[in-house]
Structures are given as C-alpha cells and as structure tokens.
2 protein chains.
Amino acid sequence: MGPMGDMTEPRWLTDEEQHVWRAYLHATTLLEDHLDRQLQRDAGMPHVYYGLLVQLSQAPRRRLRMTELARSAKITRSRLSHAIARLEKNGWVRRENCPSDKRGQFAQLTDEGMEVLRRNAPGHVAAVRQAMFDRLSADQVEQLGAIMRVMAEGLEPADADADLPWLR
Amino acid sequence: MGPMGDMTEPRWLTDEEQHVWRAYLHATTLLEDHLDRQLQRDAGMPHVYYGLLVQLSQAPRRRLRMTELARSAKITRSRLSHAIARLEKNGWVRRENCPSDKRGQFAQLTDEGMEVLRRNAPGHVAAVRQAMFDRLSADQVEQLGAIMRVMAEGLEPADADADLPWLR
DNA sequence: GACTCATTCTTGAAAGTTGAACTATGTACG
DNA sequence: CGTACATAGTTCAACTTTCAAGAATGAGTC
C-alpha cells in the first residue's frame with residue numbers, strides 16, 4: 001500500500017469544492033474543444049499540433065530536439081513522434097539529424113510551417129482572447145496565473161532528484 | 001468576411017497574458033493526464049468515462065437519456081455512443097429503450113458500475129485534492145470557481161435562441 | 001574493448017475521438 | 001393523411017493517443 005492506500009475515510013469534497021471542480025472541468029473541456037475545432041477548421045490541425053509549431057517558431061533556429069519539445073509541450077515522446085510525422089507529411093516540419101548525438105533528432109519548422117502559423121495566429125489569439133482574456137478582469141487574470149502556476153508545480157513530472165520526497 | 005475576418009492588426013497577447021496562457025495550458029494538460037493515468041491504472045477507464053459513471057450515479061434511477069448525458073458531460077453524442085458501448089461491454093452500464101420515445105435510449109448505471117465507482121471514488125478524490133484543493137488557499141478556490149464559471153459561460157454552445165446576438 | 005545500463009527516438013497495435021452519413025422516429029403544417 | 005423537416009442515436013472511416021516493445025547510440029566501469 002502506497003501513501004494513498006490507507007483506508008481511512010477519505011476527505012470528500014465540500015459542496016463548494018465540488019462546484020468549483022465541476023466548473024473547472026466544464027470550462028477546460030469546452031475551451032479545449034473550442035480551440036481544437038477552430039484550429040482544425042482554419043489550420044487543419046488540432047490545438048496540440050499547433051502548439052508544437054508555436055514552440056518551434058520560438059526556438060533558436062526554429063528547431064528543437066524531440067525530447068526537449070516533448071518536455072516543453074508536456075506530451076510523451078511517442079506522441080510527439082507520431083505528431084511530427086504527421087506535420088512532416090504536411091511539409092510544416094522537417095527532421096534533422098543531430099550531429100553531436102547520433103540518436104538525436106531535431107524537429108525544425110519549415111518556411112511553409114512558419115507561414116501556416118502566420119496565417120492562423122490572429123484567429124487563434126482572437127479565440128483565446130474571446131474565451132479568456134476578454135471576459136476576465138485584470139485581477140482575475142492575475143489570480144488565474146497564480147493558481148495555474150501552483151497547480152502545475154504540483155503536477156510537474158518529478159525529476160529523479162525531486163522524486164518521492166516523502167520517502168527519503 | 002465574418003465578424004472575425006477583418007484584417008486589422010490583431011490584439012496580440014501581452015507578456016503577462018502569454019505567461020498566464022502558458023501556465024493555464026501546462027496546468028490543465030498535466031492535470032488531465034494525471035487523472036487519466038490514475039483512473040486508467042486503478043479503474044481501467046479514462047477520466048471522461050469515469051465522469052459519465054459519476055453523472056449517471058447522481059441521476060434519478062441512475063439513468064439518463066443519451067443526449068442529456070452527452071450535454072451535461074460536454075461531449076458529442078457520437079463520442080458518447082462509443083463510450084457507452086465500451087462501458088456496457090464492461091458491464092458497468094446498460095442501455096434501455098425509452099418507452100415514450102422510440103428513438104430514445106437510457107444509459108443506466110449497473111450495480112457493478114456503482115461498485116466500481118465506490119471502489120475508486122476515494123482514490124480519485126484524493127488525486128483531485130492533491131492536485132488542486134490541497135494546494136490552493138480558500139480565496140484561490142473561490143477565485144478559481146468564479147473564473148471558470150465566467151469562461152464556461154462564454155463557451156456554452158449557444159442555444160437556438162441565444163445564437164449570434166450580434167446579428168439580430 | 002566488453003559489459004551493463006541509460007537515453008533517444010520510433011514503431012505497431014489497441015483504444016479513443018471526430019465529423020459526416022445514415023436510420024428511425026417524432027413534429028408541424030398543409 | 002402526407003410531406004417536410006427536426007431530433008435521437010448509431011456507425012463508418014480517418015485520425016489521434018496510449019502503452020509496450022524495440023533499435024540504436026551514449027556513458028560508466030572493469
């Protein structure tokens with residue numbers, strides 16, 4: 001039995017917590033769906049793929065090692081492999097060998113990929129704005145940022161060194 | 001050109017907005033992944049499926065019309081059809097014809113499904129708590145609730161009557 | 001160098017999702 | 001009634017994601 005396994009009565013969610021949790025689930029799934037549809041329609045790819053192109057566009061020489069990209073996009077390497085294969089087929093990304101590590105690959109944004117990004121960025125930003133920033137007060141935006149940072153912190157896949165602190 | 005199509009310079013995100021947006025994406029994808037894995041491991045189903053069982057468990061007679069369930073779970077009827085087919089194969093849900101509307105189907109939670117829910121609720125709640133409620137202050141929980149409600153409101157698929165107000 | 005283990009990335013199959021097409025039934029209206 | 005259209009739910013094919021292997025290279029140790 002792990003740290004979660006003691007069978008004492010669990011602390012259920014309070015009513016308020018349940019409501020917040022529901023609201024969270026609804027808002028996040030609605031938004032993700034909304035962005036997926038918008039980008040699928042306009043750019044011909046799901047939101048995650050678009051995010052990959054964005055990350056590449058901001059990297060030096062518009063390229064990143066696969067593992068690096070996977071880490072910063074919070075997806076598995078496997079998923080990334082498939083995704084890059086698809087984006088490569090579209091001509092938006094190309095793979096390059098890494099000279100210093102023969103196992104390695106760079107994913108590099110092509111000019112065509114950059115162009116797709118240029119064409120679709122305004123619509124995408126508008127969608128994000130309309131769903132989030134145009135509806136929240138400045139205070140709320142700040143609060144949201146703080147809240148999301150705290151949550152992400154707790155969920156960050158633990159490094160070897162940060163792992164299981166309660167067992168050390 | 002639609003309301004989004006005028007080619008004036010789009011309002012890009014400010015630096016703070018970008019950071020908040022990034023944090024939002026990271027936190028939400030990490031959490032969704034985390035819950036998916038936890039439930040896949042412990043309960044043998046993804047988070048969305050678990051959510052369906054929860055909704056059924058809270059409905060009168062533990063059953064809901066397919067469309068109703070799809071609406072409240074924020075997923076398409078198509079996706080729901082597949083999901084219920086899978087859950088039915090597990091013996092956790094059964095389908096029932098609707099007597100008053102021969103097109104209609106109820107999805108009903110079986111006793112076995114209820115039992116799965118009982119067994120896994122503590123672990124699931126613990127995961128949610130650990131990721132969210134244990135890390136946020138009371139104020140933050142309240143703020144998050146308000147923020148998510150505002151966002152969900154803006155994304156709610158428009159009713160026929162609420163549709164396209166700017167065109168009326 | 002040879003052994004072992006770690007890391008990088010890919011692959012293949014199974015599972016899940018999507019959007020469009022389809023069946024069947026209900027509803028409105030002449 | 002009959003026509004037309006709306007709604008409920010399913011199905012199919014294409015696509016995406018997951019998980020478990022697998023191939024290749026790197027790094028540490030003797």
Side-chain angles (χ1 to χ4, degrees), chain A residues 29 32-52 63-90 93-108 157 159-161 163, chain B residues 29 32-41 43-52 63-90 93-108 157 159-161:
Chain A
T29 65
E32 181 62 12
D33 280 15
H34 183 63
L35 296 182
D36 263 342
R37 278 179 227 293
Q38 194 253 328
L39 284 169
Q40 189 68 59
R41 174 168 53 79
D42 296 348
M45 66 189 134
H47 183 211
V48 180
Y49 288 27
Y50 183 87
L52 296 175
R63 58 178 212 176
L64 284 172
R65 286 288 297 272
M66 294 294 280
T67 297
E68 194 51 35
L69 180 50
R71 211 184 47 69
S72 86
K74 265 79 186 164
I75 65 178
T76 62
R77 281 181 311 246
S78 170
R79 186 176 177 183
L80 181 63
S81 262
H82 290 295
I84 293 294
R86 197 274 221 186
L87 292 171
E88 200 171 20
K89 219 182 296 183
N90 283 285
V93 165
R94 90 177 122 259
R95 281 183 230 242
E96 275 179 4
N97 294 323
C98 174
S100 66
D101 183 340
K102 288 178 190 167
R103 298 167 303 179
Q105 294 269 193
F106 287 102
Q108 174 161 40
D159 293 356
D161 285 334
D163 213 1
Chain B
T29 66
E32 182 61 11
D33 280 14
H34 183 64
L35 295 181
D36 263 342
R37 277 180 227 290
Q38 193 254 329
L39 283 169
Q40 189 69 59
R41 173 167 55 77
M45 67 188 134
H47 183 213
V48 181
Y49 288 27
Y50 183 87
L52 295 175
R63 55 179 216 176
L64 284 172
R65 286 288 296 271
M66 294 294 280
T67 297
E68 193 51 34
L69 180 50
R71 211 183 45 69
S72 85
K74 264 80 185 165
I75 65 177
T76 62
R77 282 178 312 240
S78 169
R79 187 175 176 184
L80 182 61
S81 264
H82 290 294
I84 293 294
R86 197 276 220 184
L87 292 171
E88 200 171 18
K89 221 182 293 184
N90 283 287
V93 165
R94 89 177 123 259
R95 280 182 230 243
E96 275 179 6
N97 292 323
C98 174
S100 67
D101 185 339
K102 289 178 190 168
R103 297 167 304 180
Q105 293 268 275
F106 286 103
Q108 173 160 40
D159 294 355
D161 285 336

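Everything numeric in this text was worked out from a predicted model, so none of it was measured. Reckoned from all heavy atoms, side chains included, excluding hydrogens, waters and symmetry mates.
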Novice: My understanding is that only residues two or more places apart in sequence, or in another chain, count here; which of them pass side-chain contact (heavy atoms from CB on, under 4.5 Å) with A/E68?
Specialist: A/L64, A/R65, A/R71
Novice: Rounding to a whole Å, what distance do you find between B/K74:NZ and C/dT17:P?
Specialist: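 Roughly 17 Å, once rounded to whole Å.
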Novice: Do you know the tightest heavy-atom contact between A/F106 and A/N97?
Specialist: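 Smallest interatomic distance, heavy atoms only, reads CD1-O, 4.0 Å.
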Novice: How many Å lie between CG on A/L69 and P on C/dT8, as a whole number?
Specialist: 14 Å
Novice: Using side-chain hydrogen bond (donor to acceptor under 3.5 Å, both in side chains) as the criterion, list what pairs up with B/S72, not counting sequence neighbours.
Specialist: B/Q55
Novice: Which residues pass the salt bridge (charged side-chain N to carboxylate O under 4.0 Å, His left out) test with B/R79, sequence neighbours left out?
Specialist: none
Novice: Using a heavy-atom cut-off of 4.0 Å to chain A, what are the terminal contacting nucleotides of DNA chain D, in 5' to 3' order?
Specialist: D/dT16 to D/dG26
Novice: Name the residue closer to the 5' end of DNA chain D, choosing between A/A83 and B/G104 according to the nucleotide with the nearest heavy atom.
Specialist: B/G104
Novice: Could you list the residues that satisfy side-chain contact (heavy atoms from CB on, under 4.5 Å) with A/D33, not counting sequence neighbours?
Specialist: A/R37
Novice: Measure the distance from CG on B/L87 to P on C/dA15 and round it to the nearest whole Å.
Specialist: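 B/L87 atom CG is separated from C/dA15 atom P by 14 Å.
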Novice: So B/R95, base contact, sugar-phosphate only, or nothing? Heavy-atom distance under 4.0 Å.
Specialist: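 The residue B/R95 makes sugar-phosphate contact but no base contact.
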Novice: CG of B/L39 versus P of C/dA15: gap in Å, rounded?
Specialist: 18 Å
Novice: Excluding sequence neighbours, so at least two apart, what forms side-chain contact (heavy atoms from CB on, under 4.5 Å) with A/Q38?
Specialist: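 Per chain and number, A/Q38 pairs via side-chain contact (heavy atoms from CB on, under 4.5 Å) with A/R41, A/D42, A/H124, A/A127.
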Novice: State which residues pass side-chain hydrogen bond (donor to acceptor under 3.5 Å, both in side chains) with B/R103; sequence neighbours excluded, sorted by chain then number.
Specialist: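 Residues passing side-chain hydrogen bond (donor to acceptor under 3.5 Å, both in side chains) with B/R103: B/D101.
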Novice: Taking atom P of C/dT10 as reference, at what distance in whole Å does atom CD of A/E88 sit?
Specialist: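 Going from CD in A/E88 over to P in C/dT10 covers 9 Å.
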Novice: Roughly, in whole Å, what's the span from CZ in B/R77 to C1' in C/dT17?
Specialist: 16 Å
Novice: Expressed in angstrom and rounded to an integer, what is the separation of A/D101 atom CG from C/dT8 atom P?
Specialist: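 The distance from CG of A/D101 to P of C/dT8 comes to 8 Å, rounded to the nearest Å.
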Novice: Taking atom C1' of C/dT17 as reference, at what distance in whole Å does atom CE of B/M45 sit?
Specialist: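 Rounded to whole Å, this separation is 18 Å.
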Novice: Polar-atom pairs under 3.5 Å, protein N or O versus N or O of nucleotides 22-24 of chain C: list them with distances, or write none.
Specialist:
none

Novice: Test of understanding: with side-chain hydrogen bond (donor to acceptor under 3.5 Å, both in side chains), list the residues that count as partners of A/E32, not counting sequence neighbours.
Specialist: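 Only A/H47 meet the side-chain hydrogen bond (donor to acceptor under 3.5 Å, both in side chains) criterion with A/E32.
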Novice: Between B/P46 and A/Q105, name the one whose nearest nucleotide on DNA chain C is closer to the 5' end.
Specialist: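 The residue closer to the strand's 5' end, by nearest nucleotide, is A/Q105.
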Novice: Which part of the nucleic acid, if any, lies within reach of B/T67 when heavy atoms closer than 4.0 Å are counted: base, sugar-phosphate only, or nothing?
Specialist: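 The answer is sugar-phosphate, as B/T67 gets under 4.0 Å only of primed atoms, P, OP1 or OP2.
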Novice: Shorter than 3.5 Å, N or O on both sides, protein versus nucleotides 18-21 of chain C: list them out with atom names.
Specialist:
unit_1, atom_1, unit_2, atom_2, d
C/dT18, O4, B/H82, NE2, 3.1
C/dG19, OP2, A/R37, NH1, 2.3
C/dG19, O6, B/S78, OG, 2.7

Novice: Please round to the nearest 0.5 Å and tell me the distance separating atom CG of B/D36 and atom OH of B/Y49.
Specialist: 10.5 Å
Novice: Not counting sequence neighbours, which residues clear side-chain hydrogen bond (donor to acceptor under 3.5 Å, both in side chains) with A/H34? List them please.
Specialist: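 Expected list: none.
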Novice: Run the side-chain contact (heavy atoms from CB on, under 4.5 Å) test on A/L80 and A/L52 for me, step by step, so that the C-alpha distance in whole Å, both residues' side-chain angles and the decisive distance to 0.1 Å come before the verdict.
Specialist: CA-CA 9 Å; A/L80 181 63; A/L52 296 175; 3.8 Å; yes
Novice: Could you pull out all donor-acceptor pairs under 3.5 Å where a side-chain atom in residues 82-90 of chain A meets a protein atom, sequence neighbours excluded?
Specialist:
unit_1, atom_1, unit_2, atom_2, d
A/R86, NH1, A/G44, O, 3.3
A/R86, NH2, A/G44, O, 2.9
A/E88, OE1, A/R95, NE, 3.0
A/E88, OE2, A/R95, N, 3.2
A/N90, ND2, A/R86, O, 2.9

